[in-house]
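Written below as structure tokens is the structure these notes are about.
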Amino acid sequence: MKVLIAYSSKTGNTRQLAEALHLALPNADLCPVANAPNPAHYDLIFAGFWVEAENANTDTVAFLKKLGGKPVALFATLGAYPDSQHAADSLTAAANEIPDGNVVDRFICQGAIDPDMIGWMEQLPADADNAPTESRRQLWKDAETHPDAADLQAVTDWALAVLEKQA
Ligand SMILES: Cc1cc2nc3c(=O)[nH]c(=O)nc-3n(C[C@H](O)[C@H](O)[C@H](O)COP(=O)(O)O)c2cc1C
């Protein structure tokens, strides 16, 4: 089975997941979505993104649009908690970007938020979306240590289970 791991990562969190997947699946091809080979040549595609505005980030959306009909396993990082509705909705939005999509499984975990973005949110007026509140500051702090060793183990276990199901 030919497997592609294609990902996008602005600050390195999603790249860490992609590299953990590659360690577990060394025969897979690993590359950023911007340089991804023709997906037609693969039997299974792990597509990794960071959440941007409750969807996959823009580069990955362009890549997902090319994956119609292919078995795709989505993996992602986000600032919010992975068991939140926002996380589930972000994965669904990404899955819906694939025309005639065949998403076989999904994985998401927290990823540290770019300090520049936190600085920007700290300046927002109190009535703005994402304005700093006690619970948001706690969320940003909780994200700081992710992905951690447990996340990398979890994504590895997940990928091996996905592969076994598809084989
Ligand atoms: C422009 C921008 C938009 C973001 N939008 C969201 C969002 O809608 N929801 C969320 O939970 N995290 C959001 N984040 C946080 C990132 O998804 C998160 O930090 C992710 O782990 C970054 O991954 P990377 O290091 O692979 O780039 C955003 C970050 C940036 C820079």
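Both counts, for ligands and for their atoms, begin at 1 and track the order of listing.
Under 4.0 Å from ligand 1, heavy atoms of S9 appear from its side chain as well as its backbone. Contact annotation for A112 and ligand 1: only backbone heavy atoms (N, CA, C, O) come within less than 4.0 Å of the ligand. Residue K10 touches ligand 1 through backbone and side chain together, judged by heavy-atom distances below 4.0 Å.
Of the candidates A56, C109, A53, P82, the one placing a heavy atom closest to atom 8 (O) of ligand 1 is A53. By heavy-atom distance, the residue among L139, N13, V51 lying nearest atom 16 (C) of ligand 1 is V51.
No N or O atom of R15 sits closer than 3.5 Å to an N or O atom of ligand 1. Between Q110 and ligand 1, not a single N/O pair is under 3.5 Å apart. Note: an N/O pair closer than 3.5 Å links H86 and ligand 1 by distance alone. Checked against a 3.5 angstrom limit, the closest N/O atoms of M117 and ligand 1 fall outside it.
Using a 4.5 Å heavy-atom cutoff, the side chains of I5 and F75 are in contact. Counting heavy atoms from C-beta on, the side chains of L74 and F49 come closer than 4.5 Å. Side-chain contact between L152 and L17 is present, with at least one heavy-atom pair separated by less than 4.5 Å.
Using cut-offs of 30° and 60° for the angle between ring planes, the W158 and F46 rings count as perpendicular.
In this structure, Q110 CD and E144 CD are separated by 10.5 Å, a value rounded to the nearest 0.5 Å.
Not a single donor-acceptor pair under 3.5 Å links the side chain of T60 to the backbone N or O of A56. The backbone N or O of D148 lies less than 3.5 Å from a partner atom in the side chain of D151, making a donor-acceptor pair.
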